[in-house]
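Note on naming: letters A, B, ... go to the chains in the order of the sequence lines (proteins, then strands), and numbering restarts at 1 for each one.
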Amino acid sequence: MFRWPDEGLARVPFRVYNDPQIAEAEQKLLFQGETWNLVCLDLEVAEPGQYRTNWIGETPVIVVRDPVADRIRVFVNRCVHRGSMLCLERHGKAENFTCMYHNWVYSLDGKLQSIAFKRGVRGQGGMPADFDITKHGLRELRVDTIRNLVFATFSDQLPPVAEWFGPRMVWSLERFFHKPIRLIGGYTQVLPNNWKLYAENVRDSYHASLLHTFFATFGLNRLSMDGAVEVNEAGGSHLSWSKMATDDAEGTDYASGGLRSMRDLAIEDRRLLKTWPEFPDGITHMIQTLFPNVFLQQIQNTLAVRLLVPRGLDRCDLQWWVFAYEDDTPEQLRMRLMQSNLVGPAGLVSLEDGFIGNAVQRTTRGDQGHGAIVEMGGHGVGTERQSRVSEAAVRGFWQQWRGLMGL
Amino acid sequence: MSMATTMGYTTADREFLLAAGQTCTDCAGAIDDDNLEAWPDYFSEDCLYRVETREGRANGWQIGLMHCEGRGMLRDRVLAIRHGNVFDPHTYRHVLSMPRFAPAAPGSDGTEIASARRVLTSFNVTRVMQTGETTLFAVGTYDDVFVEAEGRLLIRSRTVVLDSRNLDTLLVIPL
Ligand code: FES
Ligand SMILES: [Fe+2]
C-alpha cells in the first residue's frame, strides 16, 4: 500500500492526513497501542467515586477514583452486555456504574456486580446457570500519573510514564506543576482538520512570528534573550522555551521598549499585556508536547493543558484546561484574566492556530502524491539551541509516529 | 386587569424591554453588516464584555473565551480583526429573541447597580464562510445590564453565555 518517501523525515506525504486506512491503523497502533494517553487531570477525580469520562483516540473511557483502593482506575466506557455506553455524563460521582439499557451493575473497581433478572421471572428465562459473572468485568487499562496529569495505556509492557517521556520532559512537568493548581477555565475547540496537523503546528516554532501577526502589527515585539527547542529521545515530545527580555524584575510588559509598528497602529488599552515573572528561571514562554496528543503551555502568565482527540479523518476536538496556582494573589489572577485574551480560540496572539490546519487539510484530497517539505533547521531531530526557527520537533513527531506505525 | 399588567409588566417595563431589545438588535446588526467599528458604541465607556460557557459560569471559572473591560478594549478587538489577525474570511448572522427580565444581579464591584436592569436575550449565530459554507456557530444567551448614558440606552455589561463548551475553529468576530 503506502510507502514513506525516500527523503525520510524531510518529507511528510499529504496522504497521512487523509487516508482512512492510516487513521484506522493509528487507532490500533498508537492510541490502543504502545502509548501513554492523557485522560484527565487528577483534580477532576480527587474525591472517592468521582469520575470523568473522556476518549483515548476513538475509545470512550471512564476515569474514576475507586474509594476502596483509593486509587484512580480507567475503564473502557462500554457495558460488557450489549455494548451500551455506561456513563454519558462528562463529570459525576457514582457509587457504582449501572448500565441504563438492561441495568447491569458494576462496582467502581470494574467488577460486574449484578445482572437484572439473572434468575429470570418466576423460574422462567434468566441467564444460563453456567454464566460466570466474575469473568465479565469492565476492560481496565493501566494507569500512571505525573504530578496533576493522569495517563492510561492499553499496553502491558510500556515503561512507566516518567521513563517513557524521559527526564527532560519530566523536569518540565514538575516545573508546570511545582505547587497546587486549580482550574480557572476550560472549553473544547473543534478543529476542522486531521489531528496530526495540529500536533505538527504546536511543534513548529518556525511559524510563530510569521502566521501570528498581532504583536508585529502593533509594534509589540520583544527581543528574545535565550531559548531552545529540545526534542526527547523518542522524538515525539518536545520543549520549546524562551526568555523574553525584561526591563525590570518587578514586572514585564510587552509594550514597553517595543518596536514601532509598520502601519503606526497602536492598541488603546495595554492592560492585557501586563505580566509578572512567573518562574525564577526567567523562562517566559514554554510550550511542551507529549507524544502523541498532549500540549502544555506557559505563555507569559497563561497556563493551560490541552488534549487533542481525533474525530475521524478531518476533525479533532482540542480540550483545554486553563489553570492557575492555588496561592495566586488577586492581582495575579487578574493579570491571568486579562492575558487570557491573548491565547485560546479567541486569542489575539494565536487564534490563527485554529484554522491553519484546515488550510492544509483542504489541499490534501487531491494530493497527487506530494508531500510537505520539512527541512527548516536541517534533517535531524536533535535539540536546537541556536534558533527556534526550526522544524526539528516536527521531524521528531514523525520519527516516533513512523516507528509505532511501521511506516 | 389591563393587558399591560397581565404578565406583571408595567407599561414602563414594556417600554424598557422594547428599548433594550432595540439596542441588542442594532448592536447585532452592526456586527452582521460588517460595521464592526460601530459595535463598541452600543456599550458604555466603562463596559464589561465577556464570552464564557454555561459550564464555566456554573463552575465559577474566571477565564472564559474573551474578557474586555472598557470601550477601549472593544476597539482594540476591532482593530485586531481588521489589521492584526489572520483568518478565513467569514460573516455572522444573529437571530435574537425578545428580551426578558432576569433577577437583579450585583455589579462587578459587588454593589447593586442602581437604575440599571438586567435583561436576558437568546441568540443563534450562523456563520457564513467565503466558500458559502453556512453553519450554526453559536447558541446562547446575552446576559446584559443596561444603563442610560450619553442620552441612549447602552450596554453596561454583557456576558455572552454559550450553551455548549464546544467552539468551532476560532472566535475572532465578537458575538
Ligand atoms: S447493554 Fe448494558 S445492560 Fe445491556
Ligand atoms: Fe501558533
Could you list the donor-acceptor pairs under 3.5 angstrom formed by side chains in residues 166-175 of chain B, with sequence neighbours left out?
{"unit_1": "Asp168(B)", "atom_1": "OD2", "unit_2": "Arg127(B)", "atom_2": "NH1", "d": "3.2"}
{"unit_1": "Asp168(B)", "atom_1": "OD2", "unit_2": "Arg127(B)", "atom_2": "NH2", "d": "2.5"}

For [X], I'd like to know if atom [atom1] has over 12 heavy atoms of other residues, nucleotides or ligands within 6.0 Å.
X: Arg365(A); atom1: CZ; value: no
X: Phe137(B); atom1: CZ; value: yes
X: Met129(B); atom1: CE; value: yes

Please report the interatomic distance [atom1]([X]) to [atom2]([Y]), rounded to the nearest 0.5 Å.
X: Trp61(B); Y: Phe323(A); atom1: CH2; atom2: CZ; value: 14.0 Å
X: Gln62(B); Y: Ile184(A); atom1: CD; atom2: CD1; value: 5.5 Å
X: His83(B); Y: Phe218(A); atom1: NE2; atom2: CZ; value: 7.0 Å

| Note, Arg77(B) side chain near Asn341(A) side chain (heavy atom, < 4.5 Å) |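 In short, these two side chains touch, coming nearer than 4.5 Å.
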| Top contributor to chain B contacts, counting heavy-atom pairs under 4.5 Å, from Gln319(A), Arg336(A), Arg362(A) |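 The residue among Gln319(A), Arg336(A), Arg362(A) with the greatest pair count is Arg362(A).
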| field | Intermediate values then yes/no, side-chain contact (heavy atoms from CB on, under 4.5 Å), Gln189(A) and Arg165(B) | value | CA-CA 8 Å; Gln189(A) 198 176 356; Arg165(B) 88 181 317 263; over 6 Å; no
| message | Check Asp76(B) with Arg271(A), please: is the shortest side-chain N to carboxylate O separation under 4.0 Å? | response |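 No.
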If every non-hydrogen atom of [X] is compared with every non-hydrogen atom of [Y], which pair is closest and at what distance?
X: Val86(B); Y: Leu211(A); answer: CG2-O, 3.6 Å
X: Phe214(A); Y: Asn85(B); answer: CB-ND2, 4.4 Å
X: Thr213(A); Y: Gly84(B); answer: OG1-O, 2.6 Å

| query | Going by residue number, which parts of residues 64-72 of chain B are within reach of chain A, meaning a heavy-atom gap below 4.5 Å? | reply |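 Under the 4.5 Å heavy-atom cut-off, Gly64(B), Leu65(B), Met66(B), His67(B), Glu69(B), Gly72(B) qualify.
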| Residue part contacting chain B, namely of Leu183(A), when any heavy atom lies under 4.5 Å |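 It is both, since atoms from each part get that close.
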| request: Name the region of Arg50(B), side chain, backbone, both or neither, that has any atom closer than 4.5 Å to a heavy atom of chain A. | output: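 For Arg50(B), the side chain is the part near chain A, not the backbone.
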